[in-house]
Protein chains: 4
Amino acid sequence: MSADVTVDPSDPTPPFEQLRSQLEALITTGVLPRDARLAPVRQLAGDLGLAPGTVSRAYRELEAQGLVQTRRGAGTRVCGGFVAEDGDSRLAALTRRFVADARGLGAADDDVIAAVRAALDAG
Amino acid sequence: MSADVTVDPSDPTPPFEQLRSQLEALITTGVLPRDARLAPVRQLAGDLGLAPGTVSRAYRELEAQGLVQTRRGAGTRVCGGFVAEDGDSRLAALTRRFVADARGLGAADDDVIAAVRAALDAG
Amino acid sequence: MSADVTVDPSDPTPPFEQLRSQLEALITTGVLPRDARLAPVRQLAGDLGLAPGTVSRAYRELEAQGLVQTRRGAGTRVCGGFVAEDGDSRLAALTRRFVADARGLGAADDDVIAAVRAALDAG
Amino acid sequence: MSADVTVDPSDPTPPFEQLRSQLEALITTGVLPRDARLAPVRQLAGDLGLAPGTVSRAYRELEAQGLVQTRRGAGTRVCGGFVAEDGDSRLAALTRRFVADARGLGAADDDVIAAVRAALDAG
DNA sequence: GTGGTCTAGACCACC
DNA sequence: GTGGTCTAGACCACT
């Protein structure tokens, strides 16, 4: 049932990354809407002939990107629509994480803003 | 030799996170200076009685934080002092990643700046 | 000078494959025309910060694809234009290789033709 | 106990090729039957006094020939008997690769068939 | 514990 | 000077 994802073993891209990028596309395009539940790790692993750890890692990376949110015992769900909303949007979650990391590096607020401006201009 | 790290199996904190946070402390306090080389994954794993993948994951998360830089075949080294420098600083690397992710969410430049400001004020 | 190729260390795709696929595109699109010489292995390696063996492998795979031809001491050159020509075209070279391999598997001529038809229909 | 292979350092043929051709012979003659597992890369390397990468390359070339199939983390096995079977035979795998490469060269289906016919007649 | 890829430096063969 | 190959050991991803 779950939206189609496939893994090509002959592709030099590692399976977890094939998975991650396909799921990323499904989410950012809105095929998987906010609150949609991803397939359980073990089920998806079984369907694709992968080890559970491989699927698990794909989900974990999506979580680091702020695209999904996983709660023990409750599966993993899409974190937001494909446009930032009100309070607890994915962008806000991603940004909190980034700011915490940046401060961990000893950066002052102004440094952070400057770095972001620079990165936006560069890209 | 390498700086002391330990893992307490009775601690509910997962081993990779115990490792990560201890190494983070060693780096941000300067005990492990810029360019210091971390112990090889397999050696540290052997010393601590952990699986190599566990150590590997701790290193990977440190890399995502911008604290270390790992080059395939050449080990993993501390990425910088504890203040951002010129061109390719840790803050810059972290920020590039964040900006890429934020754009992946469809955020415009102004949205990004606004989100960062909000997160800085909140924290 | 040489046509632009770049390697992104943070891309999960291995460097040799990033290189190979970019060069493949440059050749099949005609940006690198027949007989164009690729950059020397060590030069390209130095420019990109890679080990010579890595660039070497990319070149070797392109050769297996029939896109380039490399002669010891004389560098490696693009094997053909972007459309098959007369006698020793890239398609012919690729096909000779394929036929030899297929026969090595014990396939009869009819088997080979049938397999090719099937693959063409499938793709 | 695996079938005997040896490497002669005084032979001008590079070690990886000595290995490849011996294994090829063992497979095509049926000494190593379908599904037989090749020795692990590191074990064979140790036995022969070679670097793992050298053995690895021999295995990789055999895979490109369609003789063995390697699954990450699960070793490499002989891919088939010495005659093509049902769905995913070695010939089919080899052919898919060839067709993909040929199309990458811009060849139309008719060109491919013609080239194969020519190569079969020539050989 | 499996194969995969990379680095760094080395030697060889060819032009 | 060019590519080809090798070694030794590192990390990576997967089962």
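A note on names: the letters A, B, ... follow the listed sequences, proteins ahead of strands, and every chain is numbered from 1. Note: hydrogens, waters and symmetry copies are ignored here, and every other heavy atom, side chains too, is used.
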Assign each of C:Ala74 and C:Glu17 to its nearest nucleotide of DNA chain E by heavy atoms, then name whichever residue's nucleotide is nearer the 5' end. C:Glu17
5' precedence on DNA chain E between C:Gly73 and D:Gly53 (nearest-nucleotide basis):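 Looking at DNA chain E, the more 5' nearest nucleotide goes with D:Gly53.
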For the backbone of B:Arg20 and the side chain of B:Glu61, can you confirm whether one donor and one acceptor N or O come within less than 3.5 Å of each other?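 No: the side chain of B:Glu61 does not pair with the backbone of B:Arg20.
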Report which part of the nucleic acid C:Phe16 touches: base, sugar-phosphate, or nothing (heavy-atom distance under 4.0 Å, all strands). sugar-phosphate
Look at all strands and tell whether D:Arg77 reaches a base, only sugar-phosphate, or nothing, counting heavy atoms closer than 4.0 Å. nothing
Could you check which of [options] has an atom nearest any side-chain atom of [X]?
X	options	result
C:Pro40	E:dC6, F:dT2, E:dG3	F:dT2
A:Pro15	E:dT2, F:dA13, E:dT7	F:dA13
A:Ala51	F:dT15, F:dC11, F:dG4	F:dT15
D:Arg72	F:dA13, F:dT2, E:dA8	F:dA13
C:Thr76	F:dG3, F:dC11, F:dT7	F:dG3
C:Thr70	F:dT7, F:dG3, F:dC11	F:dG3

To the nearest Å, how far apart are [X] [atom1] and [N] [atom2]?
X	N	atom1	atom2	result
D:Arg20	F:dG4	CZ	P	17 Å
B:Arg37	F:dG9	CZ	P	12 Å
D:Leu48	F:dC6	CG	C1'	14 Å

When rounded to the nearest 0.5 angstrom, what distance separates CG in A:Leu26 from CG in A:Asp4? 8.5 Å
Would you say C:Thr54 reaches E:dT7's phosphate, i.e. side-chain N/O to OP1/OP2 under 4.0 Å? yes
At less than 4.0 Å, is any side-chain N or O atom of C:Ser56 found next to OP1 or OP2 of F:dG4? Yes or no. yes
Side chain of D:Arg71, base of E:dG1: donor and acceptor closer than 3.5 Å?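 Between E:dG1 and D:Arg71, which were checked side chain against base, a qualifying N/O pair under 3.5 Å is absent.
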Checking only heavy atoms, does the side chain of C:Arg42 share a donor-acceptor pair with the base of F:dG1 at less than 3.5 Å?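 By the distance-only test, no, there is no pair.
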Salt-bridge present (A:Glu63, A:Arg60; N to O < 4.0 Å): no
So which nucleotide does E:dT2 pair with, by the Watson-Crick or G-U wobble rule with both distances under 3.5 Å?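 Result: F:dA13.
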Checking B:Leu19, B:Val68, B:Leu67 against B:Glu24 for side-chain contact (heavy atoms from CB on, under 4.5 Å), the one that qualifies is B:Leu67
Around atom CZ of A:Arg97, are there more than 12 heavy atoms of other residues, nucleotides or ligands at under 6.0 Å?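 No.
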